[in-house]
2 protein chains.
Amino acid sequence: MNLKQLSEHLNLSQTTVSRALNGYPEVSETTRQRVAEAAQRMNYSPNARARGLATGRALAIGHVIPVSSKHEMVNPIFGDYVSGAGETYSKAGYDMVLTLVDDATEAETYRTIKSRGNVDGIIVHGPKIDDPRIPLLLDLDLPFVVHGRSSRTTGDYAWVDINNRRAFERATRYLLELRHTRIALLNGLEDMDFAYRRRIGYGNALAEAGIAPDPALMRSAEMTEVYGYRSAREMLAMANPPTAFLVSSMISALGVQRALVDAGLKMGRDISVITHDDDLSYLKNGLDVPIFTATRSSVREAGVRSAQLLLDIIHQRASARTQLLEAELIIGTSTGPAPKD
Amino acid sequence: MNLKQLSEHLNLSQTTVSRALNGYPEVSETTRQRVAEAAQRMNYSPNARARGLATGRALAIGHVIPVSSKHEMVNPIFGDYVSGAGETYSKAGYDMVLTLVDDATEAETYRTIKSRGNVDGIIVHGPKIDDPRIPLLLDLDLPFVVHGRSSRTTGDYAWVDINNRRAFERATRYLLELRHTRIALLNGLEDMDFAYRRRIGYGNALAEAGIAPDPALMRSAEMTEVYGYRSAREMLAMANPPTAFLVSSMISALGVQRALVDAGLKMGRDISVITHDDDLSYLKNGLDVPIFTATRSSVREAGVRSAQLLLDIIHQRASARTQLLEAELIIGTSTGPAPKD
DNA sequence: CGCGCCAGTCAAAGCGCTTTGGCATTTGAA
DNA sequence: TTCAAATGCCAAAGCGCTTTGACTGGCGCG
């Protein structure tokens with residue numbers, strides 16, 4: 001069923017049917033009713049490609065996911081983020097197009113996306129410090145929103161990010177108030193912008209307290225469960241072990257927890273743990289009482305916000321082009337005063 | 001840059017340029033070279049919508065994700081699955097289109113997808129027992145592959161699934177061989193086909209051993225960490241507690257583990273745990289020695305396979321339309337002989 | 001020499017839609 | 001009553017591509 005058939009069936013021109021369905025005023029209300037009813041009944045919906053060709057808009061948003069050949073981990077937050085974004089697109093009648101791309105050929109990919117024209121804008125994932133994609137995209141004149149930010153990048157671009165620095169500053173301060181002085185940082189990969197900012201926050205708080213950061217207590221890697229386990233295990237075996245862990249992800253925090261159990265240590269009493277909590281749907285931080293003291297910020301919410309911002313930009317009704325979300329510090333049972341020695 | 005401009009620039013017709021780029025034989029080799037070089041240099045790539053309109057093919061695959069308003073959990077396996085599928089599409093030059101859809105309006109959605117024509121085929125996620133989507137899609141004449149299967153559905157449809165029944169049969173048998181008789185099943189939602197089959201497998205193995213299933217030991221819910229924790233906690237408080245847990249997901253198994261720690265029980269000695277392990281990239285089951293004894297099957301691999309199968313079907317070169325993958329039973333440290341009482 | 005044939009190219013139609021620019025017919029104000 | 005302004009509809013162009021069908025000029029063959 002296409003427009004032509006539908007219009008013939010109704011004894012109307014394609015023009016009129018099209019206008020009727022798209023809510024143009026030059027159609028009488030009775031005709032509009034008749035058209036709408038027939039379209040419904042015959043299950044007509046316009047061909048997206050033809051419409052796109054005619055209007056120049058694709059009604060789709062692209063998400064380019066860099067898939068590094070080196071570390072082929074899929075980010076566990078991906079599902080929740082996409083669910084938030086996707087819901088927003090759905091409401092606006094947009095599709096979501098995912099493109100997995102080897103990070104080697106990325107630049108070319110963005111050019112291709114632009115000239116293939118099957119999306120109206122894109123979301124940039126996993127920005128790094130001084131990320132080359134941002135100047136490239138600014139240059140390409142393709143609307144985009146960065147999920148996160150990129151330090152040291154010049155240029156005015158749109159982003160939605162959480163205040164990673166502040167979150168980790170507060171978390172570190174909290175541990176310091178509990179009289180911890182040897183605080184380990186299990187961070188994400190520090191070429192990623194979010195991890196970089198978290199380390200700054202951690203460093204700031206330590207500096208305020210006059211404590212020099214100890215490289216032996218700072219790690220940076222992909223945030224797997226095993227990473228948390230192994231790091232905690234090794235650090236606990238040190239001559240002068242940490243009394244607290246600040247961890248960049250719940251998954252890794254679970255690994256830390258496992259190492260503590262192995263070592264016969266009780267979390268919250270012998271050792272304190274704070275983690276960042278993305279509020280993932282399948283990995284809630286306890287029910288009423290949080291298990292982990294955590295800096296919490298819903299990544300699903302970030303998905304909603306960045307999608308909405310991009311749509312607003314495309315429709316030229318965005319007021320502000322950046323959004324900085326604050327993470328809340330929630331107190332769970334995983335932290336307590338530093339043990340006296 | 002479009003075809004017209006490119007062809008004018010080369011002093012050739014659009015026809016010739018198009019044919020040159022698409023590898024048709026009626027173009028001289030020298031011309032082809034010249035065209036290819038110019039296209040490269042001027043960063044031309046054909047407009048996907050126009051091409052699609054002309055060829056009738058979209059070069060895109062749709063993934064329809066039912067988002068239940070009831071339980072709005074995002075499946076943690078989603079990321080890995082999509083990564084496998086996406087990589088396969090990439091290689092074949094296909095895009096991946098995600099549509100999140102409220103499960104109330106699903107039927108209509110598939111119709112719309114078909115008539116909007118922006119995908120060449122779709123992958124069906126999360127099939128339930130007797131899933132109405134399958135007859136609908138068969139009727140619509142839109143190529144599709146189901147990730148999983150649907151029991152009691154008639155009709156010949158394509159699917160890629162793991163042998164859930166067999167996996168849980170083997171796991172249960174293994175526990176029985178270790179002399180466990182009170183084996184708890186923490187299953188996924190049993191209107192989902194995979195969970196239904198797992199329960200059958202569990203039941204079969206118990207039946208072989210002449211053990212009647214105890215409803216107090218069987219649960220079915222969304223597979224969160226908290227579900228595992230709470231279920232284990234409650235069951236361990238029973239008058240006649242289980243000595244082993246068979247769990248449908250690593251995430252929930254982590255919850256079970258937490259409950260065991262709380263109860264001062266050592267996993268593998270006091271209590272045995274077997275879980276299904278989707279081999280998620282961010283949640284590896286230990287490093288050299290698996291933590292959990294597990295039925296393992298990579299969901300990423302399933303993504304690759306189902307994507308490939310769908311592409312093969314679309315290109316009419318699929319030999320078999322179904323693939324049943326076996327899960328391996330890997331032995332970790334979470335299982336041991338049932339404690340004598 | 002004339003014919004058919006092939007290689008290489010092109011003009012034009014068509015994919016299904018939107019949108020421009022009319023063209024009747026009706027309405028309302030002068 | 002008259003005429004401008006709405007109102008309601010339509011034909012046709014155009015979006016950027018592929019593909020059909022036709023047209024050249026050069027070549028081999030009888």
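So you know, we letter chains A, B, ... as the sequences are listed, proteins then strands, and number each from 1. Everything numeric in this text was worked out from a predicted model, so none of it was measured.
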**OP:** Could you tell me whether the side chain of D193(A) and the main chain of G148(A) form a donor-acceptor pair under 3.5 Å?
**Re:** no
Subject >> N/O donor-acceptor pair under 3.5 Å between S150(A) side chain and T153(A) backbone >> reply: no
Subject >> Distance-minimising heavy-atom pair for F78(B) and I65(B) >> reply: CE1-CD1, 3.4 Å
Subject >> Working for side chain to side chain contact (heavy atoms under 4.5 Å, CB included), residues M1(B) and N43(B) >> reply: CA-CA 8 Å; M1(B) 171 60 44; N43(B) 221 290; over 6 Å; no
Original post:
For S13(B) and T16(B), does a side-chain donor sit closer than 3.5 Å to a side-chain acceptor?
Top reply: yes
**OP:** Select base, sugar-phosphate, or nothing to describe what R49(B) touches, counting heavy atoms under 4.0 Å on all strands.
**Re:** nothing
Original post:
When we call it a touch if two heavy atoms are under 4.0 Å apart, what does T55(B) touch: a base, just sugar-phosphate, or nothing?
Top reply: sugar-phosphate
Original post:
To the nearest 10 degrees, how far apart in direction are the end axes of the helix from dC1(C)-dG30(D) to dA30(C)-dT1(D), each fit to five base pairs?
Top reply: 50°
Atom [atom1] of [X] to atom [atom2] of [N]: distance rounded to whole Å?
{"X": "R19(B)", "N": "dG21(D)", "atom1": "CZ", "atom2": "C1'", "result": "10 Å"}
{"X": "E26(B)", "N": "dT19(D)", "atom1": "CD", "atom2": "C1'", "result": "10 Å"}
{"X": "E29(A)", "N": "dT7(D)", "atom1": "CD", "atom2": "P", "result": "13 Å"}

Subject >> Set of residues satisfying side chain to side chain donor-acceptor pair (under 3.5 Å) with respect to H63(B), sequence neighbours excluded >> reply: Y89(B), H125(B)
Original post:
Does S28(A) get its side chain close enough to the base of dT7(D), under 3.5 Å, for a donor-acceptor pair?
Top reply: no
**OP:** Look at T16(A) and dC10(D) and indicate whether a side-chain polar atom (N or O) is within less than 4.0 Å of OP1 or OP2.
**Re:** yes
**OP:** Would you please test Q5(B) and H9(B) for side chain to side chain contact (heavy atoms under 4.5 Å, CB included) and show each step?
**Re:** CA-CA 6 Å; Q5(B) 292 164 354; H9(B) 178 83; over 6 Å; no
**OP:** Would you mind telling me which of D161(B), D130(B), D131(B) makes a salt bridge (Lys or Arg N to Asp or Glu O under 4.0 Å) with R149(B)?
**Re:** D161(B)
Original post:
So which one's nearest nucleotide on DNA chain C is more toward 5', S115(B) or V27(B)?
Top reply: V27(B)
Original post:
Pick the nucleotide of DNA chain D nearest each of T15(A) and S18(B); which residue has the one closer to the 5' end?
Top reply: T15(A)
Original post:
chain B on DNA chain C: first and last contacting nucleotide, 5' to 3', under 4.0 Å to a heavy atom?
Top reply: dG8(C) to dG16(C)
Original post:
Does the pair D95(A) and L59(A) meet the rule for a side chain to side chain contact (heavy atoms under 4.5 Å, CB included), with working shown?
Top reply: CA-CA 6 Å; D95(A) 278 331; L59(A) 291 184; over 6 Å; no
